[in-house]
2 protein chains.
Amino acid sequence: MATPTPRAQRTRARILDAALDLFERQGYGATTVAQIAEAAGITQMTFFRHFPTKDAVLVSDPYDPLIARAVADQPRDLAPLERVRRGMLVALGTIGPVEDATAVRRVRLVARHPALRASVVAATAETERAITDALVADGVPPFDATVAAAACLGACTAALLTMPDLTASDLVDPGDPGDPGDPAPDLGAVITRALHQLGPTP
Amino acid sequence: MATPTPRAQRTRARILDAALDLFERQGYGATTVAQIAEAAGITQMTFFRHFPTKDAVLVSDPYDPLIARAVADQPRDLAPLERVRRGMLVALGTIGPVEDATAVRRVRLVARHPALRASVVAATAETERAITDALVADGVPPFDATVAAAACLGACTAALLTMPDLTASDLVDPGDPGDPGDPAPDLGAVITRALHQLGPTP
DNA sequence: GACCTAATGTTACTCACTAACATTCCAGGA
DNA sequence: TCCTGGAATGTTAGTGAGTAACATTAGGTC
């Protein structure tokens with residue numbers, strides 16, 4: 001799996017642009033792959049060579065390995081949920097504001113369309129398995145490991161999908177006015193607040 | 001929405017039987033709706049009149065309203081997560097052994113096929129919204145409500161899908177021998193154990 | 001310029017799912 | 001018994017996602 005050729009990167013970007021544009025203008029369901037292909041100046045076949053499914057334009061999950069490692073690095077004497085929680089906090093809590101310009105548009109589209117939310121969960125399945133494996137390797141019962149991973153991932157996914165509805169002020173303190181037109185929301189802050197709810201209640 | 005006619009109930013049952021049979025024999029992906037229809041002695045069209053999608057034969061979620069009500073009934077001064085957790089415990093913890101004979105077969109098939117796990121999550125989306133609405137109506141911030149609901153539902157769904165791998169002995173105490181050939185697993189016990197992990201750590 | 005390979009195009013297909021309309025089944029009343 | 005109205009099913013024809021096999025073009029290297 002060599003690094004993608006420059007030409008391939010360009011077409012991929014063209015597809016992504018065309019798709020986001022059409023999705024936002026006429027909706028995800030009303031947009032066909034043929035339309036995307038035409039707008040990008042390519043064929044349907046080429047579309048599927050760059051994205052395995054129509055969903056894949058919007059859904060991707062690049063964080064798998066980091067999370068599993070971070071979870072494994074937490075102290076072994078913690079309860080499984082707490083271990084996963086702290087691991088994800090370490091791996092995701094410091095991401096900061098969203099870097100990719102298309103990320104916000106993608107999230108907004110996914111959040112709008114219920115069927116796509118399911119695709120996101122499908123994409124996190126691999127992450128869930130990675131976390132579970134890491135815990136089971138340390139002697140945690142498979143049932144407990146799976147449940148802990150699913151709970152934390154569910155919380156984070158849900159948090160991610162509320163981001164388009166969120167203003168930055170929602171994250172610090174309810175009641176705070178918050179200047180309008182705030183910039184790209186801080187992904188790390190959202191995740192942190194979500195995982196905070198799963199933490200021990202002092 | 002009147003109660004379904006006896007004839008409709010029979011065809012629905014025939015479809016379900018034929019589908020489960022084919023899925024188990026040759027796999028979900030390798031089975032076409034046309035095959036199911038032929039095995040059930042009906043048309044493709046009739047299949048889709050009884051089940052909106054191919055997935056729907058395996059995925060259903062009848063517990064929505066009970067859960068939302070039970071969550072709303074928990075004391076308002078609890079943290080959102082704890083409220084959802086106790087509500088779901090009340091609504092689902094006492095279900096007991098699985099009643100429907102086909103339920104175990106369905107769960108096994110879903111657990112095996114990754115794409116179907118996503119369908120399950122899609123099916124719980126409505127439940128998640130119901131729980132969230134109940135909390136928001138009591139003044140809980142939407143973000144916190146969504147996260148709490150997603151975490152608990154994620155944990156329960158994951159727990160459900162591990163059931164085929166589980167023997168009853170796994171639920172009581174690791175290390176317990178447990179007689180082989182144990183009967184249908186206790187759904188309530190599985191849910192209870194899953195939600196227990198999300199509870200306050202004393 | 002010849003050459004090799006990755007990237008793209010072409011064609012033809014399968015399958016899930018939908019719409020519009022025709023047909024059959026079945027209960028209850030004349 | 002016949003009839004009749006509505007529910008359940010069948011028929012036909014389509015759309016759209018995704019796949020397979022094979023032909024073609026572009027880009028960089030010698």
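In what follows, chains are A, B, ... by sequence order, proteins preceding strands, each numbered from 1. The analysis underlying the following values was restricted to heavy atoms, covering all of them including side chains, and did not include hydrogens, waters or symmetry mates. Because the structure is a prediction, the values reported are computed rather than measured.
Shown here is A:Arg69, whose CZ atom has no more than 12 heavy atoms of other residues, nucleotides or ligands within 6.0 Å. Counting non-hydrogen atoms of neighbouring residues, nucleotides and ligands closer than 6.0 angstrom, the CD atom of A:Gln26 exceeds 12 such neighbours. Enclosure of atom CZ in A:Arg129 is not indicated, since only 12 or fewer non-hydrogen atoms of other residues, nucleotides or ligands lie within 6.0 angstrom.
Distance CZ/B:Arg86 to CG/B:Leu81: 11.0 Å, rounded to 0.5 Å.
Side chain of B:Ser60 to backbone of B:Ala56: no donor-acceptor contact under 3.5 angstrom is found. Of the possible polar contacts, one joining the A:Gln74 side chain to the A:Ala70 backbone as a donor-acceptor pair under 3.5 Å is found.
Within residues 31-60 of chain A, the residues that have a heavy atom under 4.0 Å from DNA chain C are, in order of number, A:Gly41, A:Ile42, A:Thr43, A:Met45, A:Thr46, A:Arg49, A:His50. The stretch residues 6-19 of chain A touches DNA chain C through A:Arg7, A:Ala8, A:Thr11, each having a heavy atom within less than 4.0 Å of the strand.
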Exercise for review: Under the side chain to side chain contact (heavy atoms under 4.5 Å, CB included) rule, what do B:Leu58 and B:Leu20 come out as? Steps first, then yes or no, please.
Suggested key: CA-CA 8 Å; B:Leu58 298 176; B:Leu20 287 182; 3.6 Å; yes

